[in-house]
Amino acid sequence: MIRIECPVCGQRPETEFTYGGDATVRRPEMTNEDPQAWIEYVFMRGNPRGWHREYWHHVQGCRQWIVLERNTLSHEIGQAELARDAARAWSRTSEAAE
Amino acid sequence: MKRLASGGRIERSEKLSVSFDGRRLPAVRGDTLASAMLAGGLGTVARSFKYHRPRGIYSAGVEEPGALVHLRDGDRHEPNVRATTTEAFDGLTSGSQNAWPSLRFDLGAVSGLASPVLGAGFYYKTFIGPFRQTTRFWKWCEHFIRKAAGMGRGTYRSDPDAYEKRHRTVDVLVIGGGAAGLSAALAAGRSGAQVLLVEQDFALGGALLSEPVGHAGDAWLDESAAELQGMENVRILTRTTAFGAYDGKTFGLIERVSDHVKAPEAGAVRQRYWQVHAHRTVLAAGAIERPMVFGGNDKPGVMLASAARSYLNRFAVLAGDRVIVATNNDSAYVAAAELAGAGAEVTLVDMRERIGPELDELINGAGVKLLLGHGVLEAKGWGRVRHACIVPVDAAGRAIGQKTIVPADLIAVSGGWTPAIHLWSQIFGKPVYDAGGACFVPDAKPEQHIQTAGTAMAAASMADVIEQGFARGSEAASATGAKGDCGPAPVGLDSGRFWQSDFRKTWAVFNLQGKTEGTAFVDMQHDVKLSDIDQAEREGYVSVEHLKRYTTQGMATDQGKLSNLNALSRMAELRGVQVPDVGTTTFRPPFTPTTIGALVGHEHGRHFRPTRRSPIHDWHVEHGAEMTESGAWLRPWYYPEAGESLEAAYVREASHVRAHVGIVDVSTLGKIAVQGPDAAEFLNRVYVNGWKTLAVGRLRYGVMLREDGFVLDDGVTARLAAHDYFMSTTTANAAKVLAMAELMLQTAWADLRVHVTSVTDQWGAIAVAGPNARALLSQVAGADLSREALPNNHFTRAQLAGVPVRIHRMSYSGELAYEIYVPSRQARQVWEALIAAGPEVNLRPYGTEAMGALRIEKGHVAGPELDGRTTLKDLGFEGLASSKKPFVGSVLRKRDVLEDPDRPVLVGLEIEGMSGAKAGALLFPAAGRTEGHGDGWVSSSTYSPALDRHIAMGLLKNGASRRGETVRVVDFVGNEVLTARVVANHFFDPEGERQNG
Ligand SMILES: [Zn+2]
């Protein structure tokens with residue numbers, strides 16, 4: 001039983017959450033009509049060994065989506081942040097890159 | 001075998017009624033079932049798994065491979081219980097298993113004669129070898145295996161007992177209540193940490209309980225236990241097994257609350273499953289003695305030396321009168337001396353040529369005969385040990401001289417010790433090999449949250465055990481922030497000073513030809529012989545994983561607690577490598593077998609998951625509705641009148657709706673409040689159709705896709721106010737849709753100013769359908785519901801029975817229909833007001849079965865069509881999709897594979913004849929072979945009262961161009977073939993005149 005430090009609710013057991021997949025893939029802009037971009041987003045996934053970022057949904061708690069660091073090798077649990085904050089940080093970095 | 005007149009940790013005055021196979025055993029309080037069996041002189045108590053060999057009591061603990069029995073009768077019957085860990089209680093009934101017709105005379109034992117055939121790899125060879133494609137032989141084998149192999153039988157009766165689950169978080173969990181665990185708990189407890197100490201036995205003490213009564217350990221144990229019991233921050237759970245270590249520093253424990261009584265007291269649970277989150281854990285699970293391998297080493301009368309000592313000192317049972325103690329190390333010497341002291345005639349057979357003077361003195365003083373440089377080659381005797389065959393051996397255990405046969409009724413063996421590291425290994429994986437002790441120990445690192453102490457860490461003496469336990473307990477507590485003074489470490493006890501020292505790493509004894517004499521077992525629970533290991537090696541199954549699967553060694557309910565190291569050692573010997581090069585076994589939970597009931601707890605039957613009930617649920621039940629499950633929901637299925645069947649009732653109800661008016665409870669629809677200035681933009685993105693133009697006061701049907709372009713869900717959304725929308729989803733997909741909306745709004749669309757809130761439970765919903773619907777509602781709501789005032793796809797607010805409601809004009813049944821949305825608390829009141837006004841317009845309630853029939857008549861899609869495999873095109877919704885805006889799935893829905901014109905598309909089917917199609921039946925052309933997956937399938941099927949025939953919807957390849965064609969509907973499960981005509985899926989009133997009336 002892993003325990004997840006929900007940024008809103010504190011440390012809670014995994015049974016309150018549902019797994020939501022790879023949080024390192026980024027959804028294309030709505031206006032993007034390139035099928036390849038959507039195929040990459042929907043279907044293509046790495047299978048990393050070690051630390052990974054994943055979406056978890058605190059579905060039986062605050063209903064926030066969380067980006068959680070999990071080690072796929074040791075099943076160790078790392079930092080958790082609100083997906084909202086992760087998305088914001090992401091758009092700031094990509095804006096800076098532009 | 002006899003009970004001694006004095007000694008032991010038993011209450012002789014408290015006699016217990018305990019029986020085995022109907023025979024009364026002389027049990028007293030403090031006994032286990034095994035000690036009572038020995039006290040009663042029982043030799044054979046079980047038959048072995050494969051060869052039905054007689055088996056006796058081999059150990060005094062969880063490692064027991066042979067003495068598996070069943071307990072209790074009737075619905076509390078429990079198979080495969082180890083007699084050695086079963087606490088005796090008044091009224092205990094037990095019996096033998098895997099023997100027919102009786103334990104003493106077991107016909108299955110003839111399979112022992114077939115043992116050359118049943119050796120390693122038997123299963124694989126039988127099924128793929130020379131007998132391949134010989135079905136008759138196969139079946140004969142299967143029958144034979146199923147009848148002969150196996151252990152006890154379970155009961156088919158339901159379990160009468162209750163179980164419960166508890167959660168607990170502690171600073172320090174101490175697993176094991178022996179000297180190490182007690183020391184650890186003392187240190188952690190004194191420092192102020194929250195401590196949980198668990199012990200699988202009913203008494204604290206561990207190996208100390210096997211010391212003679214009056215030993216210095218007794219006082220130490222009493223003092224330590226009393227001090228711990230006096231600490232408020234320490235909780236002690238006895239009869240509790242820590243069976244598994246899991247991620248997140250979580251441990252699973254089973255507390256056997258009522259297994260030591262005949263039946264749980266009223267209101268008490270039988271077992272309690274604890275999920276404990278422990279910041280630090282001290283594993284003090286002790287060690288298990290290692291068997292010796294020789295011919296007949298499984299016979300009743302062969303026993304671990306430590307077990308013989310436990311039975312003597314703890315239970316006051318002398319397990320034999322003429323005892324051979326066979327060993328390769330120092331630890332058995334104390335057992336030999338004590339057995340002799342209790343009156344047995346003892347010969348100690350040691351494979352080593354030399355021993356220390358201390359041991360010599362001990363043995364001589366006790367009158368034990370000593371044979372150095374010797375081993376037991378074979379235990380002889382029909383049914384039980386009567387003689388031991390002893391030979392002088394070399395360092396490899398091979399005979400170097402002639403054998404002598406001596407009378408013996410007990411052969412007590414000690415091949416060294418195996419630390420019980422299971423829980424550490426479940427989390428941290430591979431242990432390291434301790435060459436000195438020839439055993440695996442934890443690869444301890446300071447950062448690990450489980451630290452091991454005592455003999456589980458191969459501690460060499462009792463002083464070390466206590467010192468380790470105290471140190472690990474103190475470190476664990478301080479790691480959790482406890483700052484109290486641990487005080488002085490307990491004073492060391494001198495017992496067990498010979499443990500694990502100076503031993504010869506040879507476990508098997510061979511004759512002059514280098515073979516074991518007779519049948520020598522490595523795994524006594526799965527009947528794996530030493531020769532099976534040899535055969536596996538010859539046939540190339542040399543890695544530990546192959547060895548295990550090929551021979552099934554270590555795969556029985558004891559998980560190889562006794563056999564793993566001997567099997568590995570033999571393989572290492574054969575391959576000429578070191579034990580760790582062969583590998584280690586992987587330890588997985590549970591440490592000992594666990595009842596499924598405890599893991600399930602209360603979550604079965606009605607409590608398997610929460611039941612969702614509509615706010616009108618009680619009315620349905622009170623009015624005789626048959627209820628049906630729809631996901632977690634209970635819904636009215638049909639309302640039988642005067643003993644009606646389902647078929648009669650739904651046909652009547654559906655006909656009634658089309659002729660008069662009916663009401664159905666649709667509160668289970670998913671309802672989501674979509675609110676905020678960007679709500680319309682949000683809807684535009686999740687639905688395939690456009691939402692920017694929807695005016696306040698209107699409704700719109702919408703379909704949404706998944707990211708991969710398949711249809712996710714459909715439903716109607718109302719615009720309540722400028723920034724306030726009320727979305728409905730199907731009952732089944734409500735959670736999925738909400739989760740997707742939340743993901744989008746918290747990530748990719750975080751810029752949208754929208755909130756989504758589930759309001760499913762806040763709103764009841766009632767559909768009113770039929771030609772008289774308007775008359776009914778106009779009367780009770782007092783609102784203008786005329787065609788002009790409230791056209792289709794509009795809603796209005798009204799008062800109904802004094803309750804403010806929303807009336808949505810929309811139709812699922814194809815009739816003139818409305819949906820009334822009412823706050824949940826008043827839903828029943830409104831429903832009853834409608835029913836009360838019903839007689840004038842001939843109103844009847846209808847259930848989900850009639851609702852389904854009505855929707856199939858109209859060709860509406862529902863769950864069976866929205867199965868995650870269908871696209872907009874497949875369902876004929878292509879025209880709904882907006883080309884002016886992107887939406888979820890808008891790019892990927894156009895993938896070539898989804899645009900394939902050959903994809904099955906939605907059609908209607910008029911079934912010929914008087915029987916209906918089965919949903920899931922396959923569709924084939926009128927002629928040709930019916931093979932493979934056909935051209936499509938039936939998704940929904942019903943008898944149509946309006947058309948007076950059976951109809952169905954399905955998905956059919958090129959369905960649009962096959963109208964009028966006759967197809968075959970093949971149900972391979974029911975072996976039934978029907979014919980059907982392909983038609984449009986709008987069977988009834990295709991122009992929709994009735995709903996627009
Ligand atoms: Zn939360």
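The model shown is predicted, which means the values in this text are computed figures rather than measured ones. A note on names: the letters A, B, ... follow the listed sequences, proteins ahead of strands, and every chain is numbered from 1.
- Using a 4.5 Å heavy-atom cutoff, the side chains of A:R3 and B:K249 are not in contact.
- More than 12 heavy-atom neighbours from other residues, nucleotides or ligands sit within 6.0 angstrom of NE2 on B:H279.
- Residue B:M740 holds its CE atom at 12.5 Å from NE2 of A:H57, rounded to the nearest 0.5 Å.
- With a 4.5 Å cut-off on non-hydrogen atoms, A:I77 does not touch chain B at all.
- The neighbour count for B:R166 CZ, taken as heavy atoms of other residues, nucleotides or ligands under 6.0 Å away, is above 12.
- Side-chain contact between A:E14 and B:D247 is absent, with no heavy atoms from C-beta onward closer than 4.5 Å.
- Annotation: A:Y19, atom OH; neighbour count of heavy atoms from other residues, nucleotides and ligands within 6.0 Å is above 12.
- For B:E899, the CD atom sits in a packed shell: over 12 heavy atoms of surrounding residues, nucleotides or ligands are nearer than 6.0 Å.
- In this structure, the portion of B:L892 lying under 4.5 Å from any heavy atom of chain A is its side chain and not its backbone.
- Only the backbone of B:L745 comes within contact range of chain A, with at least one heavy atom under 4.5 Å from a heavy atom of that chain.
- A donor-acceptor pair under 3.5 Å is absent between the side-chain atoms of B:Q746 and the main chain of A:L82, judged by distance alone.
- For A:D34, the part lying near chain B is the backbone, with the side chain staying farther off; criterion is any non-hydrogen pair under 4.5 Å.
- Most heavy-atom pairs under 4.5 Å with chain A: of the set B:H167, B:H277, B:M744, this distinction falls to B:H277.
- Annotation for A:N47: atom CG does not count as buried by contact number, only 12 or fewer foreign heavy atoms lying within 6.0 Å.
- For the residue pair B:F887 and A:M30, the shortest heavy atom distance occurs at CA-CE, 3.8 Å.
- Residues B:V891 and A:N32 come closest through the heavy atom pair CG2-O, 3.5 Å.
- Only the side chain of A:Q11 comes within less than 4.5 Å of a heavy atom in chain B; its backbone stays farther off.
- Counting heavy atoms from C-beta outward, A:R63 and B:T757 have side chains that stay 4.5 Å or more apart.
- Only the side chain of A:V42 comes within contact range of chain B, with heavy atoms under 4.5 Å apart.
- Heavy atoms closer than 4.5 Å to chain B are found nowhere in A:E29, neither backbone nor side chain.
- Taking every heavy atom of both residues into account, A:W65 and B:L743 meet most closely at NE1-N, 3.1 Å.
- Each of B:S890, B:A739, B:G252 has some count of heavy-atom pairs under 4.5 Å with chain A, and the biggest count is that of B:A739.
- Neither the backbone nor the side chain of B:R706 comes within less than 4.5 Å of any heavy atom in chain A.
- No more than 12 heavy-atom neighbours from other residues, nucleotides or ligands sit within 6.0 angstrom of NZ on B:K736.
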